[in-house]
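Everything below concerns the one structure shown next.
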Amino acid sequence: MSVQNETRRLTAPDIRARKGGEPLVCLTSYHAHTARIVDAHCDVILVGDSLGMVMHGLETTIPVTLDMMILQGLAVMRGSKRALVVVDMPFGSYEASKEQAFASAARVMKATGCGAIKIEGGRRMEQTIAFLAERGVPVMGHVGLTPQSINTIGSFRAQGRDESDWAPIEADARAVADAGAFAVVLEAIAEPLGRRITAQVPIPTIGIGASVACDGQILVLEDMLGLSPRVPKFVKRFGELGPSIEQAVQRFAQEVRSRSFPGMDHVYPMRKGATEPSVTRLPERSKGPARS
Ligand code: KIV
């Protein structure tokens, strides 16, 4: 007997077919609970390597490992049922060769059940993307600002703000599309360039600090919820969760200290009819060895 899921998950070809259509809604998630919320409203959930900064307090994404991505990818797959889940390939897991990239991607896909992976880089990744796509690995590209290159680019600066810098970024986006990626993230590039690349490439562009003309938009969930202490210019805070989490933690602390939590609603009474043994007060805790 075959067991069918009632909800069909979106696939990479579904996302590819949305070029020029209704904007694609994409957010990151790294946990089952947030994945459940995001899944109800998004087409794509990205398990981004930004988890290194958001979950682990790292300065960059460089130290993130394949094991970290697999663990959070699994959590997001468990929490979601409709959106396409894309897992980022971390620094060092795909750049050495197309064979290394395939082995890492296959490991992530087998372990998590995700529907696609994302890799950073344009022309330099063209052969790798083609190799993966031909072998059953749907690839989302990522060009413009590529945070895994922080040690060679020097800072998280927006790209293409002078027209003279456009050509290589356009060539990167075209290379990713020509190689067979199903979509491409455009990160932190000048707005007119985002618009122009979107008009040039046949695959959906997903903007993050690019242009409203992109085929979709993505943000890091914690950034847009107001939980991240430092965010780039392109982040709009759609919520302010920090103060309400702080308030809840403060109330918990007060109620624990004043012994008003847990109340009778949050503890287990004895079963009906069971006799309640008399509870004698516990002896005072020893305050250390008695002094003579
Ligand atoms: O890691 C990430 O969250 C990303 C997005 C910023 C696109 O790559």
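In listed order, ligands and their atoms are each counted from 1. These figures come from a predicted structure and were not determined experimentally.
If you look at D88 next to ligand 1, the close heavy atoms, those under 4.0 Å, all belong to the side chain.
Ionic pairing of D43 and R82 is present here: one or more N-O contacts between side-chain nitrogen and carboxylate oxygen are shorter than 4.0 angstrom. In summary, D67 and R107 engage in a salt bridge, as defined by a charged side-chain N under 4.0 Å from a carboxylate O.
Taking every heavy atom of V220 and a limit of under 4.0 angstrom, the matching atoms of ligand 1 come to 3 (O). Atoms of ligand 1 lying under 4.0 Å from at least one heavy atom of T28, given by number and element, are 3 (O). Residue L46 approaches ligand 1 through these ligand atoms, each under 4.0 Å from one of its heavy atoms: 2 (C), 4 (C), 5 (C), 7 (C), 8 (O). Residue-ligand proximity, I208 to ligand 1, at heavy-atom distances under 4.0 Å covers atoms 6 (C). Close contacts between ligand 1 and H142 involve ligand atoms 8 (O) [criterion: under 4.0 Å to a heavy atom].
Checked against a 3.5 angstrom limit, the closest N/O atoms of D49 and ligand 1 fall inside it.
Listed for the K19 side chain is a donor-acceptor partner under 3.5 Å among the backbone atoms of V201. Remark: the backbone N or O of E95 is paired with a side-chain donor or acceptor of Q100 at under 3.5 angstrom. Here the side chain of D215 pairs no donor or acceptor atom with the backbone of P23 at under 3.5 angstrom. Listed for the T7 side chain is no donor-acceptor partner under 3.5 Å among the backbone atoms of K81.
Considering P147, G48, S50 only, the shortest heavy-atom separation from atom 3 (O) of ligand 1 involves S50.
K118 NZ, 2.9 Å is the protein heavy atom nearest to atom 8 (O) of ligand 1.
Not a single heavy atom of E120 sits closer than 4.0 Å to an atom of ligand 1.
The heavy-atom pair separating S29 from T34 by the smallest distance is OG-OG1, 2.9 Å.
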